[in-house]
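The sequence lines fix the lettering, A, B, ..., with proteins before strands; numbering per chain opens at 1. Computed from a predicted structure; not experimentally measured.
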2 protein chains.
Amino acid sequence: MTYTIMDVAKRANVSKATVSRVLNDQGGYSEKTKRKVLEVIQELGYHPSAIARGLTNKRTHTIGVLVPNLTSSLVTEFLNGIEAVAHKLGSSVIVCHTESHGIKTMMYLQLLHEKRIDGLILAGTIFREEYYDYIQRVGIPTVLLSTYSEYPVPHVTADDHDAAYTATKYLIQKGHKKIGMISGNKEEWIAGSRLPRIEGFKDALSDHKIAFNENHIVYGGFSFDDGATGLKHLIRQVPGLTAIFTENDEIGIGVLSAAYHLGIKVPKDISVIGMDNINLCKVVTPPLTSVSLSHSEMAEKAANMMFEMIESNKVVTSCILPHEVVERQSVRTL
Amino acid sequence: MTYTIMDVAKRANVSKATVSRVLNDQGGYSEKTKRKVLEVIQELGYHPSAIARGLTNKRTHTIGVLVPNLTSSLVTEFLNGIEAVAHKLGSSVIVCHTESHGIKTMMYLQLLHEKRIDGLILAGTIFREEYYDYIQRVGIPTVLLSTYSEYPVPHVTADDHDAAYTATKYLIQKGHKKIGMISGNKEEWIAGSRLPRIEGFKDALSDHKIAFNENHIVYGGFSFDDGATGLKHLIRQVPGLTAIFTENDEIGIGVLSAAYHLGIKVPKDISVIGMDNINLCKVVTPPLTSVSLSHSEMAEKAANMMFEMIESNKVVTSCILPHEVVERQSVRTL
DNA sequence: GTGAAAGCGCTAACAG
DNA sequence: CTGTTAGCGCTTTCAC
């Protein structure tokens with residue numbers, strides 16, 4: 001049996017209104033009635049229905065988070081950060097994993113709107129026009145996290161071009177000249193940030209007068225396995241290769257693993273630097289040097305921005321978070 | 001602007017009731033009005049409020065999931081499985097991470113109850129009496145996932161004793177005699193399953209006439225770092241150690257990592273077998289042999305059970321899922 | 001086939 | 001200080 005405000009009211013010999021008042025600390029009642037009401041609430045184990053409240057208040061204290069998957073460490077770190085600030089601010093989060101699937105994403109958007117979420121965070125997805133239209137139309141305060149967009153929606157991202165440039169430059173400064181890159185494919189998530197990373201790589205090369213050849217880059221997916229196959233392609237394609245920059249750490253770790261199986265020593269034979277600095281980096285063998293994009297920070301920032309939008313009801317300004325290379329043991333000085 | 005059923009009704013020159021009927025495919029209207037209503041809905045981009053619906057229907061199509069953290073692979077795999085079946089069955093999931101914190105857990109339980117979730121899954125937490133009391137009192141259909149409990153709540157788990165026995169026996173059959181175990185501490189999550197795992201380890205040893213000494217087991221936490229420190233303790237405590245069984249894969253991977261730093265070769269110098277068979281196992285170096293507890297399957301099973309409880313309104317029977325050892329390259333035959 | 005009206009549990013004026 | 005009343009957006013009898 002779950003009680004209603006009416007049950008409490010009757011039992012305390014007051015009106016619903018009074019119960020509501022003490023429930024919300026609004027004042028306008030005597031200490032005595034307050035005590036009585038609280039007592040009855042305790043006694044009954046009464047908890048107000050957030051559903052009913054939501055109906056009147058137009059505020060559900062629930063936010064939605066759309067992620068492409070649930071198993072990548074990156075997403076996991078995002079979720080962690082978001083959930084933390086949401087909880088601190090008294091909201092719950094509904095997670096939806098879209099599998100980077102357009103139709104599924106639209107369905108989730110509708111679903112979340114039907115549930116009347118207060119706000120939305122889109123993480124690591126490509127932001128399509130239809131999403132923008134929908135969000136715009138129903139007016140959900142939204143912020144994009146690590147998601148590139150051509151549409152005017154606030155976002156928090158890293159400067160991908162710059163980060164890739166930094167990673168590549170780091171390799172160069174360590175004396176490497178034959179450097180390859182393993183990138184994700186064109187359609188995948190984090191999409192849009194793909195180009196900048198590649199450009200950053202190329203720019204660092206050219207700024208340091210290192211010749212670039214298209215076959216220094218190999219395209220695949222964003223997973224461990226792609227790192228493995230990427231490595232194989234790369235060593236075949238570029239003779240004398242000494243270092244690899246991978247678009248993310250998952251790929252980098254895949255490279256580490258494949259290298260082990262192929263009898264290639266890291267960093268002795270080949271150096272690798274990843275990107276994202278996920279938790280795993282420090283636990284793989286050898287620990288993976290990576291460019292840190294401080295994801296938890298990004299996620300928290302995004303969440304805070306979203307709540308600000310909810311409160312103030314106006315758009316906030318996007319921000320780009322800094323990065324740094326975290327040196328571990330997968331890069332050797334030549 | 002977000003429209004209500006009334007807007008649709010007016011615009012279609014029918015009553016709310018009729019709109020509601022076509023919305024729910026209830027029949028009792030002409031083809032013509034149906035068409036008209038649908039047309040207006042389309043036109044307005046109307047989406048019914050799940051909040052209002054929830055209020056009348058006493059069904060929110062939202063479930064809650066309580067997990068101890070958000071970053072362990074195990075939890076991630078659970079979430080993944082749960083979200084998948086929930087979505088297939090038309091429900092959303094609110095995730096809450098309790099940090100194995102009793103107070104926080106109770107707060108979340110209350111919060112979720114206030115949100116009037118249809119059902120609840122508790123994953124990888126120790127199930128305390130106060131949780132049981134609360135759940136019982138407010139009557140949320142609940143199932144425990146990989147959580148030990150003395151209370152009559154349906155659960156899906158692995159047979160921890162058996163799995164630990166299997167892992168240990170595997171090591172023995174590979175010719176190992178000096179076997180250590182790294183276990184989590186007493187109070188942590190997955191708690192309750194800790195004892196069975198230790199007992200399984202001991203039983204396998206004694207069944208194969210291998211002497212057991214208390215210092216063959218070292219206790220710590222459940223993370224990478226604990227594996228590292230565990231290894232150091234173990235090699236000091238038991239001379240001639242050739243193999244280690246770790247209570248979970250995270251610990252096992254920590255051992256791998258620490259071994260690398262200490263110049264200990266796996267599996268040449270020392271063999272290690274983990275438990276859980278998380279995704280990471282196959283990507284670390286060397287790939288970690290592990291006892292598979294098929295978590296996604298467990299999660300899906302748990303979710304299905306929960307929905308069954310919601311539908312049928314009666315408790316379902318618990319189940320214990322099988323396991324198997326997944327051979328990779330971290331164990332050597334002596 | 002369709003509409004009117006009551007009610008889900010709560011909050012927010014508006015009166016006293 | 002406290003109660004009455006009118007919604008919030010939807011579903012569901014019960015009539016017509």
message: Tell me which residues in residues 33-41 of chain B lie within less than 4.0 Å of DNA chain D, going by non-hydrogen atoms.
response: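 None, since no heavy atom is under 4.0 Å.
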
Not counting sequence neighbours, which residues clear side-chain contact (heavy atoms from CB on, under 4.5 Å) with [X]? List them please.
X      : value
B:H295 : B:L74, B:E77, B:F78, B:D276, B:L293, B:M298
A:R53  : A:L23, A:N24, A:P48, A:N57
B:Q42  : none
B:E311 : B:R59

Is the phosphate of [N], meaning OP1 or OP2, less than 4.0 Å from a side-chain N or O of [X]?
X     : N      : answer
A:R53 : C:dT11 : yes
A:Q26 : C:dA12 : yes
A:N24 : C:dT11 : yes
B:Y46 : D:dC10 : yes
A:T18 : D:dT2  : no

Once you apply a heavy-atom cut-off of 4.0 Å, does [X] come out as touching a base, just sugar-phosphate, or nothing?
X     : answer
A:D7  : nothing
B:V14 : sugar-phosphate
A:S30 : sugar-phosphate

Show me the protein contacts with nucleotides 5-8 of chain C, counting only N or O atoms at under 3.5 Å.
residue, atom, partner, partner atom, Å
C:dC8, O3', B:K58, NZ, 3.2

Contacts of A:Y108 that satisfy ring-ring contact (aromatic ring centres under 6.0 Å, His included) - sequence neighbours left out: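 B:H87.
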
- prompt: Where each residue is assigned the nucleotide of DNA chain D containing its nearest heavy atom, which of A:E31 and B:S20 is assigned the position nearer the 5′ end?
  reply: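 In this pair, the answer is A:E31.
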
- prompt: Over its full length, what angle do the end axes of the helix from C:dG1-D:dC16 to C:dG16-D:dC1 make, each axis taken from five pairs and the result rounded to 10 degrees?
  reply: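 Taking the rotation axis at each end, their angle is 40°.
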
message: Is it the case that the side chains of B:K115 and A:S92 hold a donor-acceptor pair, with the cut-off being a distance below 3.5 Å and no angle test?
response: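 B:K115 and A:S92 do have a side-chain donor-acceptor pair below 3.5 Å.
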
message: Can you classify the ring geometry of A:Y151 versus A:F127 as parallel (below 30°), tilted (30 to 60°) or perpendicular (above 60°)?
response: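 Rings of A:Y151 and A:F127: perpendicular, over 60°.
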
field: Contact check, side chains of A:L66 and A:L112, non-hydrogen atoms, under 4.5 Å
entry: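 A side-chain contact under 4.5 Å exists here.
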
query: Quick one: are A:I63 and A:F307 in side-chain contact, heavy atoms under 4.5 Å?
result: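 In contact.
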
field: Nucleotide D:dT13, atom P - distance to CG of B:N57 in whole Å
entry: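 Rounded to the whole Å, the gap is 11 Å.
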
Could you work out, with side-chain hydrogen bond (donor to acceptor under 3.5 Å, both in side chains) as the rule, every residue matching [X], not counting sequence neighbours?
X      : answer
B:K104 : B:E99
A:T60  : A:D118
A:E39  : none

task: Evaluate the salt bridge (Lys or Arg N to Asp or Glu O under 4.0 Å) criterion for residues A:R35 and A:E31: first the C-alpha distance (whole Å), next the side-chain angles of each, then the deciding distance (0.1 Å), finally the verdict.
output: CA-CA 6 Å; A:R35 219 187 309 283; A:E31 259 307 305; 3.8 Å; yes

With 3.5 Å as the limit, what N/O pairs link the protein to nucleotides 14-16 of chain D?
none

Straight-line distance of B:L44 CG to A:R137 CZ, nearest 0.5 Å: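 Result: 9.5 Å between the selected atoms.
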
